[in-house]
Amino acid sequence: MIKTCVRFIKTLRPLRKNRPPGGGRPLTDPHKVYDFNNWDNVVWDEEQEEEAKKKVKESLQSQVPDDLKEKYEKNADSYWNDFYGIHQNRFFKDRHWLFTEFPELSTDSSNTLTQTLPSTDTDSKHDADFPGKYATTRFWEVGCGVGNTVFPVLQTNNDPNLYMYCCDFSKTAIDLVKDHEDYHDNQCHAFVCDVTDESQEIPFPENTLDAIILIFVLSAIKPDKMQYTVNRLCKYLKPGGIFLFRDYGRYDLAQLRMKKGRCMDDNFYARGDGTLVYFFTQDEMKTLFEEAGCEEVQNLIDRRLQVNRGRQIKMYRVWIQCKYRKK
């Protein structure tokens with residue numbers, strides 16, 4: 001049976017009207033660089049790009065020893081457990097900027113611009129109960145940490161039929177999510193899961209999600225597992241469902257500041273605390289999502305200049321932001 005599947009595409013009233021997606025403060029006069037703390041859409045010159053490439057190439061000459069590589073990869077969950085055990089819910093701030101960059105997350109049934117897509121009625125095929133079975137809109141955040149995305153979305157999205165799933169392979173992080181005062185089983189289901197491990201089950205059927213949120217999480221996965229991971233996740237989206245992705249871009253400040261001996265592989269590093277991070281290009285994201293059977297909605301590079309005005313320091317940030325829809 002064919003039914004109409006409603007997609008929430010964007011809100012008509014963003015939370016921050018004064019800031020467009022991607023930012024709205026370009027640096028037009030270099031002499032005024034220290035007038036503000038942040039500048040948007042900063043263009044790099046050829047010399048700056050070549051210097052960044054040189055630093056990354058040099059990092060490859062001093063790689064992590066093979067025995068440590070194996071340790072970091074095998075015990076990735078332990079390093080993140082240690083991270084959240086130390087920082088609890090104090091390290092990351094709630095991501096309210098999400099509703100500017102991804103207005104799909106803040107829409108509600110009384111205030112939306114919708115797109116209608118034909119979709120197979122998948123829910124009616126599943127007799128077994130699962131969390132959120134009777135919801136009409138379902139989001140899943142992979143790598144949720146301590147809930148810095150989940151709780152702002154639940155607080156902002158007014159759709160009474162929204163249900164959220166969130167997972168992390170850190171049990172410590174999931175315990176913190178469940179202990180949060182805004183965590184309620186009738187709105188959200190948090191669970192421990194390493195999505196790169198096919199033996200670990202997902203607690204809901206395939207073809208049931210409207211959106212999958214990947215915010216600074218794919219970069220923590222070993223590169224040779226990324227395509228399998230995106231392929232697996234895509235199976236859980238409804239036809240027309242969307243990936244919302246934001247992560248580190250190539251030559252971001254965090255990459256160029258990596259110390260010698262932290263490089264695991266090309267553009268893949270171990271931080272000082274043992275957690276792993278990869279730095280993407282737009283072409284890599286295009287390949288990952290299109291190979292999984294998705295079509296491009298957005299694929300942009302977000303270059304920003306953060307300034308320490310007191311110390312007269314410039315810090316160049318590079319992020320990749322994408323939206324890909326399941327065909």
Side-chain angles (χ1 to χ4, degrees), residues 8 10-11 14-16 19 21-23 76 80 83-84 87 89 91-107 138-157 162 164-170 173-174 176-177 180 188 190-196 209-221 226 229-230 232-234 236-237 241-250 252-255 271 275-282 284-285 288-289 292 294 297-302 304 317-325:
F8 290 138
K10 73 173 191 176
T11 181
L15 292 186
R16 297 168 63 187
R19 183 186 178 281
W80 280 109
F83 175 89
Y84 289 115
H87 298 288
N89 60 359
F91 191 84
F92 298 111
K93 296 180 180 180
D94 285 351
R95 296 164 173 161
H96 293 287
W97 54 263
L98 283 171
F99 308 113
T100 299
E101 304 299 339
F102 301 123
E104 296 88 346
L105 297 175
S106 62
T107 50
R138 304 184 189 92
F139 298 160
W140 179 21
E141 186 189 11
V142 179
C144 65
V146 296
N148 299 105
T149 293
V150 170
F151 294 119
V153 171
L154 289 173
Q155 292 160 5
T156 302
N157 192 307
L162 170 67
M164 288 200 69
Y165 308 97
C166 59
C167 73
D168 201 285
F169 67 179
S170 167
I174 293 301
L176 288 166
V177 170
H180 195 283
C188 182
F191 58 102
V192 178
C193 183
D194 178 357
V195 294
T196 70
L209 301 176
D210 294 275
I212 293 178
I213 307 164
L214 300 171
I215 305 295
F216 296 101
V217 60
L218 203 58
S219 56
I221 293 173
M226 289 180 184
T229 301
V230 175
R232 184 188 189 193
L233 297 179
C234 191
Y236 291 89
L237 284 173
I242 196 167
F243 280 105
L244 303 176
F245 171 92
R246 188 173 175 89
D247 218 318
Y248 296 104
R250 190 69 46 84
D252 177 60
L253 174 72
Q255 180 177 19
R271 300 185 182 94
T275 60
L276 305 177
V277 59
Y278 185 84
F279 297 87
F280 294 98
T281 66
Q282 290 172 279
E284 288 173 337
M285 302 321 304
L288 282 171
F289 287 112
C294 297
V297 177
Q298 179 190 78
N299 184 334
L300 59 83
I301 186 166
D302 185 354
R304 308 210 183 181
R317 305 311 309 264
V318 183
W319 298 299
I320 303 293
Q321 182 168 303
C322 301
K323 301 178 186 182
Y324 279 84
R325 181 174 288 117

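Throughout, residue positions are numbered sequentially from 1 according to the sequence presented.
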Task: Residues forming a salt bridge (Lys or Arg N to Asp or Glu O under 4.0 Å) with D168, sequence neighbours excluded - done: none
In Å, rounded to the nearest 0.5 Å, how long is the span from [atom1] of [X] to [atom2] of [Y]?
X: F151; Y: C144; atom1: CZ; atom2: SG; value: 8.5 Å
X: L233; Y: I213; atom1: CG; atom2: CD1; value: 12.5 Å
X: F279; Y: W319; atom1: CZ; atom2: CH2; value: 12.0 Å
X: Q155; Y: S106; atom1: CD; atom2: OG; value: 13.0 Å
X: I301; Y: D252; atom1: CD1; atom2: CG; value: 10.0 Å
X: F245; Y: Q321; atom1: CZ; atom2: CD; value: 10.0 Å

Which heavy atom in [X] sits nearest to a heavy atom in [Y], and how many Å separate them?
X: V297; Y: R325; answer: CG2-NH1, 3.5 Å
X: G145; Y: V177; answer: O-CG2, 3.4 Å
X: G249; Y: I320; answer: CA-CG1, 3.7 Å
X: F102; Y: C322; answer: CE2-O, 4.0 Å

Open item on the list: Test ring-ring contact (aromatic ring centres under 6.0 Å, His included) on F280 and Y248; report intermediate values, then the result.
Closed with: CA-CA 6 Å; F280 294 98; Y248 296 104; 8.9 Å; no
Task: Stepwise side chain to side chain contact (heavy atoms under 4.5 Å, CB included) test for I212 and L237 - done: CA-CA 7 Å; I212 293 178; L237 284 173; 3.7 Å; yes
Flag the pair [X] / [Y] as yes when at least one side-chain heavy-atom distance between them is below 4.5 Å, and no otherwise.
X: L244; Y: L98; answer: no
X: R250; Y: V318; answer: no
X: F139; Y: T149; answer: no
X: V153; Y: F99; answer: yes
X: L288; Y: L218; answer: yes
X: E284; Y: F289; answer: no
X: V230; Y: Y324; answer: no
X: I221; Y: L276; answer: no

Open item on the list: Quick check against the 3.5 Å criterion: does T275 have a side-chain atom that pairs as donor or acceptor with the backbone of R271?
Closed with: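 Absent.
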